[in-house]
Amino acid sequence: MAERLDHTGTLSPARLGLTKPPRPPLYVSARNETVRMFDSDFMEFFSRVHPAIPLILYLPVVGFMLYVAIWRQGFPVFVVVGLFLLGMLLWTLLEYLIHRYIFHYEPKTRVGKRLHYIIHGVHHDYPNDARRLVMPPSVSVPLAFLFYGMFLLIFGRFSSSVFAGLVFGYVCYDMLHYATHHFPMKRGVLLWLKQYHLRHHYKDDHVGYGISSPLWDYVFRTTRR
């Protein structure tokens with residue numbers, strides 16, 4: 001965890017009624033600041049990602065997969081839409097499971113703790129670090145190939161449509177996560193999602209694992225009590 005607290009940032013928890021309860025000596029930064037994680041400049045460079053990267057990398061993938069499903073495989077549009085929505089739903093489940101059971105797994109070994117900090121712990125210490133809010137391509141690209149291979153085995157010829165929905169869900173997640181930490185989102189559903197996620201950071205990080213959707217928090221009873 002970080003060793004300083006600053007509630008002067010534009011996303012001050014106090015402004016949203018989310019003031020973190022006293023837990024000295026652990027603190028959470030509320031500004032857009034960063035921390036060095038690696039001695040190697042090479043590794044450090046690739047630990048930071050511009051938030052537009054997922055859009056640039058993955059929207060063309062979504063478009064290509066839909067092209068394959070509609071024009072090359074000849075599926076009716078309503079079938080493609082249904083499978084696309086299934087893929088988005090599957091993403092929300094993956095998002096929940098990864099966040100809860102991988103990102104918030106608490107290792108016991110020194111190496112495990114270091115790895116956990118690199119994967120997710122740093123985000124909880126510096127939640128507004130603008131260059132560490134989306135997944136690095138060095139991680140997301142291999143995962144994309146892995147999931148596409150799994151979808152080929154599970155969904156067969158329907159995999160293009162489902163995978164397009166999954167990837168689009170992932171892009172929405174990354175963009176919404178960035179917006180939650182850096183955009184005002186002053187009203188409606190977006191404000192509710194912003195408050196929902198920031199409670200995870202500043203109230204209780206053992207609940208509220210859904211970011212793009214709280215659906216699975218309700219299903220698995222991990223909403224705030």
Side-chain angles (χ1 to χ4, degrees), residues 1-20 26-62 91 95 98-99 102-104 114-144 167-203 205 208-214:
M1 299 292 284
E3 295 187 356
R4 59 182 177 275
L5 177 66
D6 188 331
H7 289 305
T8 62
T10 57
L11 291 181
S12 168
R15 295 184 186 179
L16 293 170
L18 305 175
T19 305
K20 191 175 180 69
L26 302 179
Y27 301 98
V28 178
S29 169
R31 295 188 299 169
N32 181 4
E33 58 180 334
T34 190
V35 65
R36 188 178 181 95
M37 288 201 301
F38 300 98
D39 292 332
S40 164
D41 290 338
F42 178 83
M43 294 291 290
E44 186 68 13
F45 174 80
F46 283 101
S47 76
R48 304 176 192 278
V49 186
H50 192 281
I53 292 299
L55 293 171
I56 295 169
L57 279 180
Y58 294 112
L59 285 185
V61 173
V62 173
W91 166 256
E95 172 192 313
I98 292 171
H99 192 184
I102 298 179
F103 288 177
H104 281 270
R114 172 62 175 162
L115 184 60
H116 172 264
Y117 185 81
I118 292 171
I119 292 173
H120 195 62
V122 67
H123 174 55
H124 274 266
D125 282 5
Y126 295 87
N128 299 317
D129 184 347
R131 293 302 178 97
R132 287 193 174 127
L133 280 171
V134 302
M135 191 177 293
S138 57
V139 177
S140 67
V141 171
L143 284 177
V167 174
F168 185 73
Y170 162 70
V171 172
C172 290
Y173 151 78
D174 258 350
M175 296 303 99
L176 184 60
H177 190 207
Y178 182 85
T180 293
H181 287 280
H182 285 281
F183 291 177
M185 302 168 82
K186 295 180 179 179
R187 61 179 63 86
V189 174
L190 291 179
L191 173 60
W192 187 83
L193 285 173
K194 179 186 183 77
Q195 292 174 328
Y196 188 84
H197 181 56
L198 293 187
R199 288 188 186 100
H200 173 77
H201 279 286
Y202 296 104
K203 278 285 190 182
D205 61 4
Y209 297 104
I211 298 170
S212 63
S213 168

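This is a predicted model, so every value here is computed, not measured.
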TODO: From the options His120, His197, His200, select the one residue that forms a ring-ring contact (aromatic ring centres under 6.0 Å, His included) with Tyr209.
DONE: His200
TODO: Over all heavy atoms of both residues, which pair between Ala130 and Pro51 is shortest? Give the atoms and the distance, please.
DONE: O-CD, 4.1 Å
Task: Test item: Lys194 side-chain N/O and Met185 main-chain N/O as donor-acceptor pair under 3.5 Å - done: no
Task: Aromatic plane relationship, His124 with His104 - under 30° parallel, 30 to 60° tilted, over 60° perpendicular - done: perpendicular
TODO: Please name the pair of heavy atoms, one in Ile118 and one in Met37, separated by the smallest distance, quoted to 0.1 Å.
DONE: CA-SD, 4.0 Å
Open item on the list: Taking the six-membered ring for Trp, are His123 and His177 closer than 6.0 Å centroid to centroid?
Closed with: yes
Open item on the list: Whether Arg36 and Asp41 form a salt bridge (side-chain N of Lys/Arg under 4.0 Å from carboxylate O of Asp/Glu) is what I want to check.
Closed with: yes
Task: Minimum-distance pair of heavy atoms, taken over all atoms of Tyr196 and Gly210 - done: CE2-O, 3.6 Å
Task: Nearest non-hydrogen partners of Asp129 and Val35, listed with the distance - done: OD2-N, 4.4 Å
- [ ] Take Leu133 and His182 through the test side-chain contact (heavy atoms from CB on, under 4.5 Å) and record every step on the way to the result.
- [x] CA-CA 10 Å; Leu133 280 171; His182 285 281; 3.4 Å; yes
Open item on the list: Donor-acceptor pair, distance only, cut-off 3.5 Å: does the side chain of His116 make one with the backbone of Phe103?
Closed with: yes
Task: For the student: nearest non-hydrogen atoms of Asn128 and Tyr202, plus distance - done: ND2-OH, 3.8 Å
TODO: For residues Pro142 and Pro137, report the shortest heavy-atom separation together with the two atoms involved.
DONE: CD-O, 3.6 Å
Open item on the list: What I want to find out is whether Arg131 reaches Glu33 closely enough, with some N-O distance under 4.0 Å, to be called a salt bridge.
Closed with: no
